[in-house]
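All remarks here apply to the structure that follows.
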Amino acid sequence: MKHLLLPLLLLTAFTLNGQDVDFSAAAIPVELKAGAKAVVRRHDLIYDVASAHQATITEYQVITVLDDGHGGANRLVVFYDNDSKITRFKATLYDAAGKKVRSARKDEIEDVRYLTGGQFYTDSRVQTTVLEHLSYPYTVEFEIERKLTNFGIVSFPHWSPQRYERSVESATYTAYVPTDNELLYKTNLLPEPVTTKEKGRIKHAWRVENLPAVKGENASPPATVTLPYLRTSLRNFDTGDYQGSTESWKTFGQFVNQLIEGRDVLPSALAELVHETTDGLTTDREKINALYRLMQGRTRYVGVQLGIGGWQPFSAEYVETNRYGDCKALSNYMGAMLSEIGVESYRVLVDWNDSSYYPVDESFTTAAFNHMILYVPSEDMYLECTSSYSPTGYLGDGKGDRNVLHVTPEGGKLVKTPAARASDNGYLQTTDLAIGATGVAAFRLHGRYHGSSQETLRRYAASEKDQTKQKEWLERNGYLPDNTGNGYSLTYDDSAPVAEITYATTVPGYVRKLGQRMFVPLNKFHAFDKVPDKLEKRKFPISRNTARFFVDTVRITFPEGMGVESLGETKTTIDHPVGQYRAEVKTGANSLTWIRTLKYTPAELPAEAYEDYRQFFVDVSKAERRQVVLRKKRTK
């Protein structure tokens with residue numbers, strides 16, 4: 001689906017009078033420079049709704065850029081498509097004293113098709129320019145106007161008056177809506193609007209002033225929760241051919257149903273194939289699996305997104321003829337095949353991200369989704385229809401434990417997807433190391449990866465058949481110590497979310513030798529040693545949604561004549577609400593066995609818990625870098 005991942009601030013546009021703005025950097029209050037990489041001097045957005053299918057968005061923005069960590073504050077980006085038109089696009093540069101340097105020239109403005117990952121063709125375009133100056137600070141002024149027609153459900157302008165490490169002098173959002181419609185909104189860290197009636201329309205106005213810079217923090221809730229944010233929609237909207245309402249999730253789902261209606265009819269030849277494939281199978285689960293495999297073998301994912309904001313799927317006939325489709329088209333295609341054999345399914349809208357930018361809930365109906373999947377209620381099963389190699393019923397990472405919209409025949413219904421369990425996502429790795437007298441180690445690995453940990457491996461194994469390139473990629477990504485070994489294989493299970501790696505090689509200098517001693521790392525290749533930043537004071541709560549379970553077994557043999565001089569604690573235990581760490585080392589005749597389990601669990605913690613949270617990772621990192629000291633045995 002298109003548009004839904006675009007930066008929401010940049011979906012809007014500019015054009016107002018900036019004569020009352022002092023462009024000089026010296027005019028910025030000292031308190032707004034503290035911790036800021038850029039200062040928003042003025043940001044005014046006007047959303048002028050003429051009817052349920054026509055509106056104008058104007059925006060005026062003045063930003064003073066303080067240093068090179070400004071995060072693109074000097075870049076103007078505006079998206080548009082066949083249902084929107086840019087009628088004003090102007091960018092002007094000022095020096096530190098507020099003196100105009102120049103405006104962006106025509107040859108400095110790019111206008112290109114906007115394609116995201118996996119897309120092949122879309123009518124989305126982007127117009128952009130960048131203004132740079134020889135020295136900091138400098139100021140940029142942006143003015144844009146966009147005309148929207150048949151703007152549908154993704155063109156409601158949302159407002160993020162502040163970003164991390166940017167302070168704000170003044171920002172306003174003003175919406176004019178006809179009296180026969182209604183602006184629906186949900187705010188975060190914003191005052192209620194001033195609402196008045198002007199010339200037969202309802203005016204809503206928000207204003208913020210003198211917001212000091214805020215620094216982003218590791219494992220925080222999304223910016224729509226931690227910073228001021230406004231999300232809007234119209235109660236009634238019109239795409240030209242279809243009318244919809246965001247009055248409730250039910251009415252929104254009814255609108256989506258309109259877009260699908262009549263597009264799930266199978267060509268007769270495909271209908272016959274569906275029956276040939278499933279006749280003789282006794283259970284719905286067997287039939288679903290057979291048709292899912294049929295779809296995977298006959299189609300591939302290609303992002304071809306045109307018209308109605310990219311929300312309407314191509315028909316099942318189109319997919320069958322062309323053998324490709326986007327997430328909506330493939331979900332519709334699979335749903336149509338299931339319908340042919342009497343198995344009910346629902347299209348499902350989901351925000352596919354590790355952490356949702358805007359978590360949806362029952363209180364506000366909004367199109368905060370970027371992907372479509374399929375749900376089979378009789379089996380309580382989700383089907384990811386864009387993958388050509390996923391096992392049947394595997395939901396996949398980045399879609400669990402969040403509200404999604406089931407588009408039922410009666411309309412939309414908000415449902416929460418299952419939360420990932422740590423036991424379902426992780427790996428079991430066994431590493432055998434035979435250390436020679438010179439410190440060289442014979443290395444052998446067998447790893448079994450499941451759930452989220454196998455997804456990248458499965459995707460890569462399916463797309464790259466050259467084993468040399470596979471090994472090079474696995475080395476670059478930390479799975480293997482090198483790429484010159486042997487006994488290699490990378491395989492995945494067709495029927496379960498599991499992938500496996502086997503590999504053997506020789507690792508020179510595995511141990512550090514010092515006189516008669518050898519310093520032997522227990523987990524040199526697969527250590528978990530990332531530690532969150534140290535903070536003087538934490539501002540935001542800790543929000544962590546990781547659910548993983550990792551098990552490493554390292555079996556080490558060492559030369560005759562060497563013995564363990566220093567082993568340390570045989571057992572290590574580290575506990576915290578976000579994880580549990582267990583490690584044990586055992587000795588044998590010329591051997592060591594180290595077994596470690598690390599379990600990550602989701603947690604929501606207050607800001608004051610950050611030091612303990614960070615200390616858990618410090619302790620884990622230290623435990624993961626543990627070494628054992630061997631010494632040549634003394635002879636009598």
Side-chain angles (χ1 to χ4, degrees), residues 5-14 21 23 25 28-45 59-79 89 91-96 101 104 108-110 112 114 116-117 126-144 157-171 173 188-189 208 210-230 353-358 532-533 535 538-540 543:
L5 288 179
L6 307 182
L8 295 175
L9 178 63
L10 300 177
L11 282 171
T12 58
F14 310 66
V21 180
F23 292 94
I28 301 172
V30 174
E31 60 270 20
L32 294 185
K33 293 181 180 179
K37 304 295 184 182
V39 180
V40 178
R41 314 294 299 281
R42 180 171 163 183
H43 178 195
D44 297 313
L45 187 152
E59 195 168 353
Y60 178 79
Q61 193 165 191
V62 178
I63 303 177
T64 297
V65 181
L66 301 180
D67 61 38
D68 58 8
H70 57 80
N74 63 344
R75 178 183 292 273
L76 175 58
V77 182
V78 184
F79 297 92
F89 183 102
T92 307
L93 175 68
Y94 299 85
D95 65 14
V101 177
E108 294 178 301
I109 299 173
E110 291 187 271
V112 296
Y114 180 76
T116 58
V126 59
Q127 199 168 115
T128 180
T129 191
V130 178
L131 291 175
E132 294 181 326
H133 197 47
L134 295 176
S135 61
Y136 295 104
Y138 62 87
T139 298
V140 292
E141 179 188 39
F142 298 144
E143 302 172 62
I144 292 180
H158 313 309
W159 190 45
S160 302
Q162 186 174 28
R163 297 187 186 182
Y164 290 124
E165 298 185 304
R166 293 188 193 179
S167 58
V168 179
E169 278 194 67
S170 174
Y173 181 109
N188 183 66
L189 301 177
V208 294
N210 300 318
L211 302 178
V214 177
K215 185 175 177 60
E217 296 174 337
N218 172 271
S220 294
T224 56
V225 175
T226 58
L227 295 177
Y229 183 70
L230 169 67
N353 277 300
D354 290 339
S355 179
S356 294
Y357 176 72
Y358 179 83
D533 294 338
L535 303 175
R538 176 79 177 192
K539 178 179 177 64
F540 299 123
S543 179

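Values below: all heavy atoms of this structure, side chains included; hydrogens, waters and symmetry mates excluded.
Using a 4.0 Å cut-off between charged side-chain N and carboxylate O, Arg42 and Glu169 make no salt bridge. Contact check on Glu217 versus Lys539 returns no salt bridge, with no Lys/Arg side-chain nitrogen under 4.0 Å from an Asp/Glu carboxylate oxygen.
Remark: the backbone N or O of Pro212 is paired with a side-chain donor or acceptor of Gln162 at under 3.5 angstrom. In this structure, Tyr173 contributes its side chain and Pro157 its backbone to a donor-acceptor pair below 3.5 Å. A donor-acceptor distance shorter than 3.5 angstrom exists from the side chain of Asn188 to the backbone of Val225, with no hydrogens or angles considered. Asp67 places a side-chain N or O within 3.5 Å of a backbone atom of Gly69 that can act as its donor or acceptor partner.
We find the OG-NZ distance between Ser220 and Lys215 to be 11.0 Å, quoted to the nearest 0.5 Å. Once rounded to the nearest 0.5 Å, the distance linking NZ of Lys33 with OG of Ser167 reads 10.0 Å. Considering NE2 of His70 and CZ of Arg163, their distance stands at 12.0 Å, rounded to 0.5 Å. With rounding to the nearest 0.5 angstrom, the CG atom of Leu45 is 11.5 Å from the NE2 atom of His158.
Arg166 is listed as a side-chain neighbour of Ile63, based on a closest heavy-atom distance under 4.5 Å. With contacts defined as side-chain heavy-atom distances shorter than 4.5 Å, the pair Val126/Phe79 qualifies. Counting heavy atoms from C-beta outward, Thr224 and Tyr357 have side chains that approach closer than 4.5 Å. By the 4.5 Å heavy-atom criterion applied to side chains, Phe89 and Phe142 are not counted as neighbours.
Among all heavy-atom pairs drawn from Pro221 and Ser543, the shortest one is N-CB, 3.8 Å. The two residues Leu227 and Leu189 make their nearest non-hydrogen contact at C-CD1, 3.8 Å. Contact between Pro161 and Val168 at its shortest, heavy atoms only, is O-CG2, 3.3 Å. Contact detail for Ala34 and Ala213: the closest heavy-atom pair is O-CB, 3.6 Å. Asn218 and Pro532 get closest at one heavy-atom pair: OD1-CB, 3.9 Å.
With Thr139 as the fixed residue, the side-chain hydrogen bond (donor to acceptor under 3.5 Å, both in side chains) test singles out one of Thr64, Thr92, Asn74: Thr64. Partner of Leu32 under the side chain to side chain contact (heavy atoms under 4.5 Å, CB included) criterion, out of Asn210, Val40, Leu211: Asn210 alone. Screening Thr129, Ile109, Thr128 for a side chain to side chain contact (heavy atoms under 4.5 Å, CB included) with Leu76, the sole residue that qualifies is Thr129.
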Checking side-chain contact (heavy atoms from CB on, under 4.5 Å) for the pair Lys37/Tyr164: CA distance, chi angles, key distance, verdict? CA-CA 9 Å; Lys37 304 295 184 182; Tyr164 290 124; over 6 Å; no
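Using bins of under 30°, 30° to 60° and over 60° for the plane-to-plane angle, the ring pair Tyr138/His133 lands in the perpendicular bin. Aromatic ring orientation, Phe23 versus Tyr94: parallel (interplanar angle below 30°, classes split at 30° and 60°).
Glu108 CD: more than 12 foreign heavy atoms inside a 6.0 Å radius.
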